[in-house]
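Below: the structure, in structure tokens.
Residue numbers begin at 1 in each chain, while the letters A, B, ... track the order of the sequences. Given the structure is predicted, the values throughout are model-derived calculations rather than measurements.
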2 protein chains.
Amino acid sequence: MLTTQTPDIRPDFPASMLHVQDAGWQRQGKLWSNLKELCDLLRLPTAASSLDDEESLFQHVQFKTGQRIHTIGQAFDTLYIVHSGFLKTVAIDEFGNEQVLSFPMKGDLFGVDGIHSRRYSSEAVALSSCDLVLLPFKKFTAIGRTHAELEHAMYSVMSRELVREQAMVSMLGGLSAEARVARFLVSLSDRFADMGYSSKVFNLRMTRHEIGSYLGLTLETVSRTLSAFNEIGLIIVDQRSITIRDLDALKTLRRLPPSTLRAKQARKARAVALAATTPSGSAQTVGS
Amino acid sequence: MLTTQTPDIRPDFPASMLHVQDAGWQRQGKLWSNLKELCDLLRLPTAASSLDDEESLFQHVQFKTGQRIHTIGQAFDTLYIVHSGFLKTVAIDEFGNEQVLSFPMKGDLFGVDGIHSRRYSSEAVALSSCDLVLLPFKKFTAIGRTHAELEHAMYSVMSRELVREQAMVSMLGGLSAEARVARFLVSLSDRFADMGYSSKVFNLRMTRHEIGSYLGLTLETVSRTLSAFNEIGLIIVDQRSITIRDLDALKTLRRLPPSTLRAKQARKARAVALAATTPSGSAQTVGS
DNA sequence: CGGGTCTTTGATTAGGTTCAATAAGAGTGG
DNA sequence: CCACTCTTATTGAACCTAATCAAAGACCCG
């Protein structure tokens with residue numbers, strides 16, 4: 001029911017994205033972006049400077065689902081910016097345990113962890129077809145020297161990443177499983193919103209296992225928690241498809257009400273869901 | 001017993017540190033460092049370049065135990081490098097819960113989280129008397145433009161921080177309480193080692209509560225875990241003083257043996273401890 | 001259709017939190 | 001210097017959250 005997950009060879013493009021696709025490059029070939037486009041992509045105000053000199057272009061590369069962009073230990077020389085598609089970055093500890101570190105998507109920078117040791121300390125894998133902008137680090141720093149705002153932009157983006165990681169640590173350190181899953185959904189919703197997708201209805205691009213790894217939980221706990229959210233009407237979940245029904249509740253959720261109260265809440269939720277769907281004539285049913 | 005914690009007005013200085021104190025600045029006044037000294041401090045190979053022009057100096061500032069270096073939301077304009085002393089950085093989530101993010105010490109950079117939003121997103125507090133180098137961000141980026149290696153150094157340090165945070169996430173996501181505490185001790189040991197202190201015997205500068213917050217555990221769990229390590233002879237712990245007895249075991253520890261085996265191990269540990277201490281004529285006793 | 005991966009759900013266990021009481025320091029002021 | 005207080009640390013017991021083990025259903029792809 002609802003949008004059955006399409007194995008995203010091509011993620012759903014809302015109308016609002018089409019103009020972006022046309023900006024400076026062509027439909028499906030190998031492409032190039034200039035500095036201004038990069039700054040837009042990174043959501044950095046370009047300060048309207050002389051960035052429009054067309055001398056410095058950055059190449060795009062395409063990856064298919066499952067392909068590895070870089071691996072752990074590989075010599076570092078380029079940063080990546082996601083132009084479209086979804087990925088995961090993964091660390092592998094000394095005894096083979098995978099740990100998902102992030103799910104880069106449009107506008108995100110990754111590969112930064114390679115700067116210090118000159119080797120990538122994580123690996124990046126495409127979760128869907130991806131279009132990435134290559135940022136050769138040497139070329140990049142060279143340009144940074146003549147374009148002050150680009151240099152600052154770089155610091156800014158790295159700083160943003162650091163804040164994100166800190167928020168992550170804070171979440172893992174302090175929040176319950178339910179709160180983690182709730183925030184994960186909220187952050188996805190936010191990201192989809194400013195990418196021009198629907199913030200209410202979307203498909204997860206990753207497995208329960210990957211979500212669990214990212215949130216420091218087991219896949220079963222993730223699954224159960226999503227089911228519980230579904231039951232009390234915060235979301236509608238069906239496999240990979242998610243519909244957000246009460247974003248505010250998800251944002252502020254710290255701990256789910258004890259199971260004794262759940263039944264009542266579930267009944268109420270079903271009633272609300274019914275009221276919301278029947279007027280539109282849809283035959284959709286909620287719950288198990 | 002052992003080094004009873006001195007409320008470190010002045011942390012224990014081993015002989016190997018004295019020359020560092022003399023490098024370019026005077027004993028206890030307000031002081032200045034040049035670029036080369038900064039790079040040394042940050043453990044970055046200076047590439048033997050023209051960094052020895054003496055034009056750009058950076059001011060030091062002293063803080064006393066408990067003083068706040070910056071607070072959350074405060075306008076960002078400077079980065080800090082720890083020259084001596086110990087600090088903590090703390091995030092405070094939407095409902096007042098403190099979360100320790102890091103324990104900066106000699107050679108660490110902090111304040112980076114302020115670059116992106118132009119406001120600090122965390123607060124930094126001195127856990128001992130501290131001597132910090134001020135790095136006004138504007139001045140710094142200006143210099144970076146003429147000194148390529150400084151710019152690269154900055155990227156490198158920020159990258160290092162990011163990798164550190166990733167390791168933290170990985171730890172919180174995947175390891176047991178015991179493993180976290182063990183690694184915390186190992187990382188402290190390492191840091192003390194390359195600061196020229198003893199890697200085997202040191203005083204914790206933070207409370208159990210702060211350690212717990214940092215590791216995503218309660219203070220009781222930290223206390224219990226340290227006691228357990230003490231019991232089986234991995235460390236000797238007495239309040240804030242720590243003696244590492246089996247670093248390798250701490251490094252590889254994933255989970256403590258079940259309590260049925262503990263008694264045996266504890267007896268053995270006591271025997272070993274006795275053998276190690278009596279020959280030297282010390283009257284030291286181990287365990288409770 | 002059949003093999004493989006992913007997801008859901010249940011039952012049980014265990015690691016860690018919470019609550020609580022005690023002890024040990026550190027700092028203060030008489 | 002000692003009594004008093006406040007903070008920090010240790011330890012115990014009960015409880016609870018999330019992990020683990022297990023089984024069955026859903027979806028995907030050749």
Can you tell which of C:dT9, D:dA18, C:dC6 lies closest to the side chain of A:S227?
C:dT9

Let's see if you can work this out: which of D:dA19, C:dT7, D:dT8 has an atom nearest to the side-chain heavy atoms of A:T218?
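Closest nucleotide to the A:T218 side chain: D:dA19.
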
For [X], which contact category applies under a 4.0 Å heavy-atom criterion: base, sugar-phosphate, or nothing?
X	answer
B:L217	sugar-phosphate
A:G216	sugar-phosphate
B:T221	base

Short side-chain to backbone donor-acceptor contact, [X] and [Y], under 3.5 Å:
X	Y	answer
B:D131	B:H83	no
B:S128	B:F86	yes
A:R180	A:L215	yes
A:S189	A:S199	yes

Residues in contact with DNA chain D, drawn from residues 168-177 of chain A - heavy-atom cutoff 4.0 Å:
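Output list: A:S176, A:A177.
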
Would you say CZ of A:R68 has more than 12 non-hydrogen atoms from neighbouring residues, nucleotides or ligands within 6.0 angstrom?
no

Check the surroundings of atom NZ in A:K64: do more than 12 heavy atoms from other residues, nucleotides or ligands lie under 6.0 Å from it?
no

Would you list the protein and nucleotides 21-26 of chain D atom pairs, both N or O, that sit under 3.5 Å from each other?
{"from": "D:dC21", "atom 1": "N4", "to": "A:E220", "atom 2": "OE2", "distance (Å)": "3.2"}

How close or far is atom [atom2] of [N] from atom [atom1] of [X], stated in whole angstroms?
X	N	atom1	atom2	result
A:L219	D:dA18	CG	C1'	13 Å
B:R208	D:dT11	CZ	P	10 Å
A:L127	C:dT5	CG	P	17 Å
B:L226	D:dT10	CG	C1'	11 Å
A:R240	D:dC28	CZ	C1'	11 Å
B:N230	D:dA9	CG	C1'	13 Å
A:R205	C:dC6	CZ	P	17 Å
A:I235	C:dT8	CD1	C1'	14 Å

A:Y120 and A:Y80 aromatic ring geometry - parallel, tilted or perpendicular at 30°/60° bounds
tilted

List the steps, then state whether side-chain contact (heavy atoms from CB on, under 4.5 Å) holds for B:Q239 with B:N203.
CA-CA 9 Å; B:Q239 300 282 116; B:N203 286 346; over 6 Å; no

Does B:D93 pair with A:R254 as a salt bridge, N-O distance under 4.0 Å?
yes

